[in-house]
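Heads up: the structure comes next, in structure tokens.
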Amino acid sequence: MKQSKAFIPTLKEVPADAVIPSHILMIRAGMVKMLSAGIYSFLPLGYKVIKQITEIIREEIDAIGGQEFHLPALNPREIWEETGRVEAFGDTMFHIKNRDYVLAPTHEEIMTFHAKGILKSYKELPQIWYQIQTKFRNEARPRSGVIRGRQFLMKDAYSFDKSFEDLDVSYEKHNKAYRKIFDRCGIKYFVVGASSGAMGGSKSEEFMVRSDAGEDTVAHCEKCGYAANIEVAQSVIESVPRHEESKEIYEISTPNVKSIDELCDFLKIDERETAKSRVYICNDEPVLALISGNEEINETKLEAVLGAPVRPGRPEELKEISGADAGSIGPIGFKHRIIADLRLKDGNNLYSGANKNDFHIGGIDLKRDVPNIEYFDLRSVESGETCIRCGEKLEVFKAIELGHIFKLGTRYSEAMGANFLDVNGKDHPLVMGSYGIGVERVLACYIEQHYDDKGIIWEGELKPFDLHIVSLNIKNEDVRRESNKLYDELTAKGYSVLFDDRANVQAGFKFNDADLIGVPLQIVVGDRGLKENSVEVKIRKSGERTKVNLDEIYSKIEDLVKEAG
RNA sequence: CGGGGUGUGGCGCAGCCCGGUAGCGCGCUUCGUUCGGGACGAAGAGGCCGUAGGUUCAAAUCCUAUCACCCCGACCA
């Protein structure tokens, strides 16, 4: 590809609207251009990489028996009514104004529609069907470039099995295929097990990539691979000590002391000697949640414990419920349900609010003084805490969900009546799995993990080109002749080559463009080197440059391509 | 949806407070010089200042409405 003819509109300046590295670099390298919020055009360079990603996905899904479909994005609304998902998606689903169609946000219903009445016998199972197509979701807030868009390219596969045991097999095939796909893409990822909850599915796992631009917070153990969403993550933590001797309860005047910090300051005590109170309303009933010191209650865990949504009590309600305002509430004399974080289990000699403004109580023994207390895991895991599985340190960080494999079960087949006949001629709903990959996210995540201050650094299978010939001063006849010769021969040898043959572009400009685009190997052809019959080969990743005699350039390139991938 | 911010040439921005008919850098066109890490000179092209109303002799600038985009949060997979 000759750059003088290629449409690769690189940008020197950082676009005002882009914030995260991958977004900035994709725009600057001329890979994408935004059309509207969350809607991007892929320009030739970006699309080239996208095609390579989808090719890897195709190979690996085909290898486990997948068959590719091409499905409509425009769907009759009624098919989505059958499974109740028009309501479930709500405003996230795009509706067509002048006909009763919706734009498909995913394709469970459509695949199930095709299975229905056609996959009639257990003999035809299992099937793995997939597609790589654009999905539409009316995201309230698109962000981070291509990572959360209103339309996005997704590979989604669906498996159809005759039993849950067979589903396990299909699921495991995808699990392995996904690892191969992301490994081949050169992405560092980890797998988070997620309990799939109310969807009726039994198991789901998310393939995640660490990134500040992520929308999920996870706890991860580098050593043993334990990974969990912060909403369910656990760690080994020390409970507050139970002292030999339990003191008697006593009231302390604590004027204007509201926060735990203020309380510790005022009484010259450690935060572990305190129990913080938060009042939540659940099913219109107040619940007092106690947590050690200044830790935060994890509301998702709380909701799981209580089995219903919660909301923090409003300031004006608190006095009515407890007799005091926030900052002076505590378990002693609290008339409603009391639950506490495990860390506080059987703690004694604790300080907490007195349910009387400007007073706290000391000498609290939860075992003695709060007999109805219940203990649960209510706190969020924090970085540096101990892994429950291997004892190493956990890290807590943001992550992007790249892929999701999910045992659906019969939710869709039952709702839509997609049944098959077993050996005995008996009707059963197809047992389904669904497996998604955000294709553009793969690209964005790759860049998030492979860049420096100059630009993108391509390696491995995703690289848009093997080689970048950078010809300095192509008006010089020797340079022109040798560059063209190199370009023709390297292309003939089967390398994909980007050739910066632009006249009237300064050397520095070309170097910077080449670093920005990030092809792994640059071959710099200039008259200076040609006088010694040599060109310079630069490895983009290390910045290392070597003079190579033209006589041995092809063998050298062969070695370097192998090395640099 | 709540909070904050921004809309001025292809890109990045100044001008707005204090109204007087639009400017800078990059990019683009032509010519010349240059030519190994984003060159230099000269001459050009390109904007009804997001949109719609209003105030005023006069609006990029003041007022109102509206739209778009970005960030934080909520929501979502």
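Chain letters run A, B, ... following the sequence lines, proteins first, then strands; residues in each count from 1. The model shown is predicted, which means the values in this text are computed figures rather than measured ones.
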So if I take every side-chain heavy atom of [X] and compare against [options], which nucleotide ends up nearest?
X      : options             : answer
A/L472 : B/A77, B/C70, B/G36 : B/G36
A/R143 : B/C35, B/A77, B/A74 : B/A74
A/E13  : B/G25, B/C75, B/G36 : B/G25
A/A37  : B/C70, B/G37, B/C13 : B/C70
A/R141 : B/C1, B/C70, B/C35  : B/C1
A/A16  : B/G12, B/C71, B/C76 : B/G12
A/K454 : B/G37, B/C69, B/A77 : B/G37
A/A140 : B/G36, B/G12, B/C1  : B/C1
A/K475 : B/C69, B/U34, B/G37 : B/U34

Using a heavy-atom cut-off of under 4.0 Å over every strand shown, decide if [X] touches base, sugar-phosphate, or nothing.
X      : result
A/V14  : sugar-phosphate
A/E215 : nothing
A/V505 : nothing
A/G529 : base
A/D91  : nothing
A/K538 : base
A/D17  : sugar-phosphate

**pair A/I187-A/V442: side-chain heavy atoms closer than 4.5 Å** = yes
Check if the side chain of [X] and the base of [N] share a donor-acceptor pair of N or O atoms closer than 3.5 Å.
X      : N     : value
A/R148 : B/C76 : yes
A/D515 : B/G37 : yes
A/Q506 : B/G36 : no

When rounded to the nearest Å, what value does the distance between [atom1] atoms of [N] and [M] take?
N     : M     : atom1 : value
B/U6  : B/C17 : P     : 15 Å
B/A59 : B/G19 : P     : 13 Å
B/U29 : B/C16 : C1'   : 33 Å
B/A22 : B/G50 : P     : 15 Å
B/A60 : B/G54 : P     : 15 Å
B/G36 : B/C71 : P     : 40 Å
B/C70 : B/A52 : P     : 23 Å
B/U61 : B/C75 : P     : 40 Å

Need the pair for [N]. Rule: Watson-Crick or G-U wobble, both distances under 3.5 Å, any strand; none if unpaired.
N     : value
B/A14 : none
B/G53 : B/C63
B/G41 : B/C31
B/C69 : B/G5

[X] [atom1] to [N] [atom2]: how many Å, rounded?
X      : N     : atom1 : atom2 : value
A/R528 : B/G37 : CZ    : C1'   : 11 Å
A/K12  : B/C13 : NZ    : C1'   : 14 Å
A/N476 : B/C35 : CG    : P     : 12 Å
A/N473 : B/G37 : CG    : P     : 13 Å
A/L11  : B/G12 : CG    : P     : 8 Å
A/R540 : B/G37 : CZ    : P     : 17 Å
A/K33  : B/G10 : NZ    : P     : 10 Å
A/D513 : B/C11 : CG    : P     : 18 Å

**Request:** Among A/F69, A/F113, A/Y158, find the one that has a ring-ring contact (aromatic ring centres under 6.0 Å, His included) with A/W129.
**Result:** A/F69
**Request:** Report the C-alpha distance between A/E215 and A/K398 in whole Å, list the side-chain angles of each, state the deciding distance to 0.1 Å, and finish with yes or no for salt bridge (Lys or Arg N to Asp or Glu O under 4.0 Å).
**Result:** CA-CA 7 Å; A/E215 310 180 300; A/K398 295 267 193 186; over 6 Å; no
**Message:** Quick check on B/C69: is either OP1 or OP2 less than 4.0 Å from any side-chain nitrogen or oxygen of A/S36?
**Reply:** yes
**Message:** Name the residue from A/T10, A/L43, A/V49 that meets the side chain to side chain contact (heavy atoms under 4.5 Å, CB included) definition with A/M31.
**Reply:** A/V49
**Prompt:** Taking atom types as modelled, is there a side-chain donor on A/N175 or A/E172 under 3.5 Å from an acceptor on the other?
**Reply:** yes
**Prompt:** Side chains of A/K475 and A/N504: donor-acceptor distance under 3.5 Å anywhere?
**Reply:** yes
**Item:** Residue closer to the 5' end of RNA chain B, A/F89 versus A/R150 (nearest nucleotide)
**Value:** A/R150
**Asked** Given that A/N504 and A/F511 both sit by RNA chain B, which one's nearest nucleotide is further toward the 5' end?
**Response** A/N504
**Minimum heavy-atom distance A/W80-A/E109, with the two atoms named** = CZ3-OE1, 3.1 Å
**Request:** Would you kindly check if the NZ (Lys) or CZ (Arg) of A/K407 is within the cone defined by 45 degrees around the ring axis of A/Y171 and under 6.0 Å from the six-membered ring centre?
**Result:** yes
**Request:** Taking the six-membered ring for Trp and the single ring otherwise, decide whether the centroids of A/Y446 and A/W458 are under 6.0 Å apart.
**Result:** yes
